[in-house]
Amino acid sequence: MAGKFALTLGGDHSIAMGTICGTAEKYGDDLRVIWIDAHPDINTPETTESGNLHGCPLSFLLGLTQEGQPPFQWLKACLKPEHLVYIGLRDVDAPEKRILRQHNIKAFSMHEVDKYGIGKVVEMALQHLSPNNDKPIHLSFDVDALDPSVAPSTGTPVRGGLTFREGHYICEAIHETGCLVAMDLVEVNPHLSDVHGLHQTITVGCSLVRCALGETLL
Ligand SMILES: NC(=[NH2+])NCCC[C@H](N)C(=O)O
Ligand SMILES: [Mn+2]
């Protein structure tokens with residue numbers, strides 16, 4: 001797809017408000033988003049208990065908040081609920097559960113990963129978003145989707161996450177579609193965990209990106 005690819009390294013997941021807005025500006029209504037995360041990050045400014053913006057980006061992108069509120073006047077709702085799929089969820093606030101249900105958003109939690117296996121889950125996610133495999137995909141990968149034993153240097157770790165291989169499989173399979181146009185790799189926080197954990201987190205982050213860009217095992 002035009003051969004251009006935008007990679008964003010973060011940093012907190014609120015940055016996806018900007019990156020996805022940017023991708024949507026180019027691809028419009030065709031854009032599909034795959035959000036890999038322990039958390040759905042879909043709180044509104046009204047429902048958030050923590051007050052942390054990194055728990056809210058999707059509510060802005062989907063237009064669940066009032067548009068035009070400072071300091072986000074620039075942000076237009078640019079994503080439809082049916083154009084978003086989650087993989088890896090396991091820490092969902094009560095208001096977020098309500099929002100997901102209300103908008104009928106496709107979500108594969110760790111329960112579905114356990115039940116069907118990661119291969120089937122990615123297949124179902126792609127089938128939902130782009131049955132003819134012809135829509136541009138923005139992959140927003142929060143490193144906390146991985147189990148904390150795999151990626152410890154992150155602010156809101158939740159046990160019971162994706163294995164090293166499951167995380168890599170997602171990136172490999174999405175690369176194989178030929179439709180990946182942008183990727184965020186976020187929530188790596190070098191100030192958290194010890195040096196060994198930091199090294200581990202950075203190493204896994206780099207290899208996820210390489211797989212999304214086409215590195216294969218063989
Ligand atoms: N991108 C993240 N790490 N998000 C964590 C969000 C945690 C919690 N749901 C909140 O709203 O604060
Ligand atoms: Mn996140």
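Both ligands and their constituent atoms are indexed starting at 1 by order of listing.
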Ligand 1 contact on [X] by region, counting heavy-atom pairs under 4.0 Å:
X	value
E49	neither
D91	neither
D144	side chain

Which heavy atom of the protein is the closest neighbour of [atom], given with residue, atom name and distance?
atom	result
atom 2 (C) of ligand 1	H54 ND1, 3.4 Å
atom 8 (C) of ligand 1	D93 OD2, 3.6 Å
atom 7 (C) of ligand 1	H39 CD2, 3.9 Å
atom 11 (O) of ligand 1	N43 ND2, 3.0 Å
atom 3 (N) of ligand 1	T156 OG1, 2.8 Å

Quiz item: Relative to the Mn ion (ligand 2), which of the N, O or S atoms in D142 is the closest?
Solution: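 Atom name returned: OD2.
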
Practice problem: Kindly give the atom name of the N, O or S atom of D37 closest to the Mn ion (ligand 2). | Solution: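 The Mn ion (ligand 2) is closest to the D37 atom OD2, counting only N, O or S.
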
If you count heavy atoms of other groups shown closer than 6.0 angstrom to [atom1] of [X], is the number above 12?
X	atom1	result
N104	CG	no
Q66	CD	no
H103	NE2	yes

Minimum heavy-atom distance [X]-[Y], with the two atoms named:
X	Y	result
K97	V92	CG-CG1, 3.5 Å
G205	L185	CA-CD1, 4.0 Å
L146	A151	CD1-CB, 3.9 Å

Do any of the N/O/S atoms of [X], backbone or side chain, fall under 2.8 Å from the Mn ion (ligand 2)?
X	value
D144	no
E187	no
H39	no

Exercise. Counting heavy atoms only, name the option from S50, A145, G55 that's nearest to atom 12 (O) of ligand 1.
Key: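 When every heavy atom of S50, A145, G55 is considered, S50 comes closest to atom 12 (O) of ligand 1.
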
Quiz item: In a check of side-chain hydrogen bond (donor to acceptor under 3.5 Å, both in side chains) between E215 and each of H168, R210, H175, which one passes?
Solution: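 By the side-chain hydrogen bond (donor to acceptor under 3.5 Å, both in side chains) criterion, E215 pairs with just one of H168, R210, H175: R210.
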
Practice problem: Provide the number and element of each atom of ligand 1 under 4.0 Å from a heavy atom of D142. | Solution: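 What qualifies from ligand 1 is 1 (N), 2 (C), 3 (N).
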
Exercise. Below 4.0 angstrom from a heavy atom of D41, which ligand 1 atoms are there? Numbered from 1 as shown, please.
Key: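 In order of numbering, the contacting atoms are 1 (N), 2 (C), 4 (N), 5 (C), 6 (C).
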
Checking side-chain polar atoms at under 3.5 Å, does [X] have a donor or acceptor matched by the opposite partner on [Y]?
X	Y	value
S109	E112	yes
H138	D184	yes
D142	H39	no

Quiz item: What is the ND1(H13)-the Mn ion (ligand 2)-OD2(D41) angle, to the nearest 10 degrees?
Solution: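 Angle ND1(H13)-the Mn ion (ligand 2)-OD2(D41): 90°, rounded to 10°.
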
Quiz item: For D37, is at least one N or O under 3.5 Å away from an N or O on ligand 1?
Solution: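 It does not: no N or O of D37 is found under 3.5 Å from an N or O of ligand 1.
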
Exercise. Looking only at distances, please establish whether an N/O atom of ligand 1 is found under 3.5 Å from an N/O atom of N52.
Key: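 Between N52 and ligand 1 (N or O atoms, distance only) the closest approach is not under 3.5 Å.
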
Practice problem: Indicate the ring-plane relationship of W35 and H13, choosing parallel, tilted or perpendicular according to the 30° and 60° boundaries. | Solution: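 It falls in the parallel class, under 30°.
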
Quiz item: Yes or no on side chain to side chain contact (heavy atoms under 4.5 Å, CB included) for T154 and T201, after CA distance, side-chain angles and deciding distance?
Solution: CA-CA 8 Å; T154 192; T201 310; 5.8 Å; no

